[in-house]
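FYI, side chains are in, hydrogens and waters are out, and symmetry mates aren't considered; it's all heavy atoms of this structure.
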Amino acid sequence: RNTEIQKYINLTDNIVCVNTIRYPLPDILNGCDFDSDTMLIVDHPVILDLGKACQRDFKVAVNKIDSENKPYQLTYEDMSIIDNLLAQSKDNIGSVVNKAQLCMSIYWDWFCQGKSEQELKPLLNSINVLMVLSGIAIDNAKKMYDVNFDEESKNIDAKHGLKKVNKPRFWTYVDKEKNREKKKKKQEKYIDYNCPMDHLYITMKKLDNAEHHENLYLEDLLVDHDAKKADRKQEDKIYIYVKEKVHKINEVFINVKDKEDRDEIIKAIVQHYNFHLSKLKVNEKTMYNILKKISQVKQECNAISLMNVLYQTQKETFLRAFKKSTLL
């Protein structure tokens, strides 16, 4: 414990302070950062011995590839470029992490079969390359690397025949998610690997399924009213006010750089629209209809902003729209 750290930071028993000076912790954890990342920390002797063995026998892959910062302007065009790069990064991260996991599974299966270090080394080298590629994929929107991501990934596929290899048993869950997203129905062949994830798969298959809980929808929390008697014109006016308010606030964030000026302008915008909305006398039927449809209109009118405005400007009617909890 460190009194100076505790003086300035509100720590709990679930927060650990670490020092990364001259120690590659982010690389050991394969790209962790410090915006509330989480990890499992245990003191079980078996886990500790395995951790020490890993640290002794397996070197950490560290990205030393030169990079340059990508310059951007605060414009809609550059923001769209960043959005596209982030979307591409998401796909690249998924594919490269899955490929690394497959290589790792093959490595341990071969290791348990007694294959030589010379036979295993190419797989370990490829895993190191994939670890570095995953970091590059994450940083793609911020930095420029002199690396052909697709070419490097395809080289590893070809080197180890990953497109043709039978997948480990636990991979059914990887493919189930992938097939759901891409609506594929390709029949893969899964076999038993002697690897940690397949051992975990076998153990967890023996567990009972968790108790199923139905989703609780906003509509289920509302006191029923006759939506046909809602004031549609008033609804439209509220939607327009909230959309305008959100749009103007977004413009301020883009165009006003000084924080104090920005806060003042936003405060004035909020007061202006809240004043006009508070003049409306929203009845219970209209409130019910707005809240009932809130998930349908969220694409054109931010649902959180809408509920926030209704609470601030029509507080009593808003609160009466919800059923009293039977749990209290």
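Between the side chain of His44 and the main chain of Val46, a donor-acceptor pair closer than 3.5 Å is present. For Lys323 (side chain) and Asp220 (main-chain N/O), a donor-acceptor pair under 3.5 Å exists by modelled atom type. Side-chain atoms of Asp198 come within 3.5 Å of backbone N or O of Phe170 as a donor-acceptor pair. Counting only distance, with no hydrogens or angles, the side chain of Thr286 and the backbone of Asp231 share a donor-acceptor pair below 3.5 Å. The backbone N or O of Leu74 sits nowhere less than 3.5 Å from a side-chain atom of Asp78 that would complete a donor-acceptor pair. Here the side chain of Asn215 pairs no donor or acceptor atom with the backbone of Tyr217 at under 3.5 angstrom. Under the 3.5 Å distance criterion, the side-chain polar atoms of Arg169 are matched with a main-chain donor or acceptor of Tyr190. In terms of modelled atom types and a separation under 3.5 Å, the side chain of Glu119 and the main chain of Ser116 share a donor-acceptor contact.
Residue-environment remark: CZ (Phe111) stays at or below the threshold of 12 foreign heavy atoms within 6.0 Å. No more than 12 heavy atoms of other residues, nucleotides or ligands shown are found within 6.0 angstrom of NZ on Lys229. Atom CG of Asp66 sits in a sparse spot, with 12 or fewer heavy atoms from other residues, nucleotides or ligands closer than 6.0 Å.
In the model, Gln6 has no side-chain atom that pairs as donor or acceptor with a side-chain atom of Thr3 under 3.5 Å. A donor atom on one side chain and an acceptor atom on the other are found under 3.5 Å apart for His199 and Asn194. There is a side-chain donor-acceptor pair under 3.5 Å between Gln113 and Asp109. Side chains of His212 and Glu214: a donor on one and an acceptor on the other come within 3.5 Å. For the residue pair Ser153 / Lys99, a side-chain donor-acceptor distance below 3.5 Å is found, with atom types taken as modelled.
Residues Lys189 and Lys167 are not in side-chain contact: their nearest non-hydrogen atoms beyond the backbone lie 4.5 Å or more apart. Between Lys245 and Val309, some side-chain heavy-atom pair lies under the 4.5 Å cut-off. Side-chain atoms of Phe318 and Val282, non-hydrogen and from C-beta on, never get closer than 4.5 Å to each other. Looking at heavy atoms from C-beta onward, Leu29 lies in side-chain contact with Leu25 at the 4.5 angstrom threshold. For the pair Val147/Glu152, a side-chain contact is recorded, criterion being any heavy-atom separation below 4.5 Å from C-beta on. The shortest side-chain heavy-atom distance between Gln101 and Trp171 falls under the 4.5 Å cut-off. Taking the side chain as every heavy atom from C-beta outward, Met104 and Pro196 never approach each other to under 4.5 Å. By the 4.5 Å heavy-atom criterion applied to side chains, Tyr72 and Glu77 are not counted as neighbours.
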For this session: Give the intermediate values and the outcome of side chain to side chain contact (heavy atoms under 4.5 Å, CB included) for residues Cys17 and Leu11.
Result: CA-CA 9 Å; Cys17 298; Leu11 296 177; 4.0 Å; yes
Problem set entry | Candidate pair Ile106 and Leu162, rule side chain to side chain contact (heavy atoms under 4.5 Å, CB included), full reasoning | CA-CA 10 Å; Ile106 296 169; Leu162 297 182; 3.8 Å; yes
For this session: Apply the test side chain to side chain contact (heavy atoms under 4.5 Å, CB included) to residues Val18 and Phe34: give CA-CA distance (whole Å), side-chain angles for both, the deciding distance (0.1 Å), then the verdict.
Result: CA-CA 10 Å; Val18 295; Phe34 301 98; 3.8 Å; yes
For this session: Give the C-alpha distance, both sets of side-chain angles, the deciding distance and a yes or no for side chain to side chain contact (heavy atoms under 4.5 Å, CB included) between Glu235 and Arg232.
Result: CA-CA 5 Å; Glu235 276 186 53; Arg232 309 288 174 169; 4.1 Å; yes
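Linking ILVMFWY side-chain heavy atoms closer than 4.5 Å, directly or via other members, places Ile240 and Met307 in two distinct hydrophobic clusters. A continuous path of ILVMFWY side-chain contacts below 4.5 Å connects Leu207 to Tyr173, so both sit in one hydrophobic cluster. Both Tyr311 and Val242 are members of a single hydrophobic cluster when ILVMFWY side chains are connected at heavy-atom separations under 4.5 Å. Both Ile65 and Val96 belong to a single network of hydrophobic side chains, linked directly or stepwise wherever heavy atoms of I, L, V, M, F, W or Y lie under 4.5 Å apart. Using a 4.5 Å cut-off between side-chain heavy atoms of Ile, Leu, Val, Met, Phe, Trp and Tyr, with links allowed through other members, Tyr23 and Ile41 fall into the same hydrophobic cluster.
With values rounded to the nearest 0.5 angstrom, Asn84 atom CG is found 13.0 Å from Met79 atom CE. Note that SG of Cys54 is 12.5 Å distant from NZ of Lys59, once rounded to the nearest 0.5 Å. Between the CG atom of Leu310 and the CG atom of Leu291 there is a distance of 6.0 Å, given to the nearest 0.5 Å. In this structure, NZ on Lys159 lies 9.5 Å from CG on Leu123, to the nearest 0.5 angstrom. Here the CD atom belonging to Glu251 is positioned 3.5 Å from the NE2 atom belonging to His247, to the nearest 0.5 angstrom. Separating the NE2 atom in His225 from the CD atom in Glu284 is a distance of 4.5 Å, to the nearest 0.5 Å.
Considering every non-hydrogen atom in both Ile127 and Ala100, the closest pair reads CG1-O, 4.3 Å. What you find for Cys103 and Ile156 is that their closest heavy atoms are SG-CG2, 4.4 Å. Taking every heavy atom of both residues into account, Val252 and Ile266 meet most closely at CG1-CG1, 3.9 Å. Between Cys195 and Ser105 the shortest heavy-atom distance is CB-O, 3.7 Å. Of all non-hydrogen atoms in Asp27 and Ala61, the two that sit nearest each other are CB-O, 3.9 Å.
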Please tabulate, for the side chains in residues 269-281, all donor-acceptor contacts under 3.5 angstrom to protein atoms that are two or more places apart in sequence or on a different chain.
from, atom 1, to, atom 2, distance (Å)
Tyr273, OH, Glu244, OE1, 3.0
Tyr273, OH, Lys248, NZ, 3.4
Asn274, ND2, Gln312, OE1, 2.6
Ser278, OG, Asn274, O, 3.2
Ser278, OG, Phe275, O, 2.7

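Taking the six-membered ring for Trp and the full ring otherwise, the centers of Tyr145 and Phe149 sit at least 6.0 Å from each other.
Between Asp263 and Lys259 a salt bridge is recorded (basic side-chain N to carboxylate O distance below 4.0 Å).
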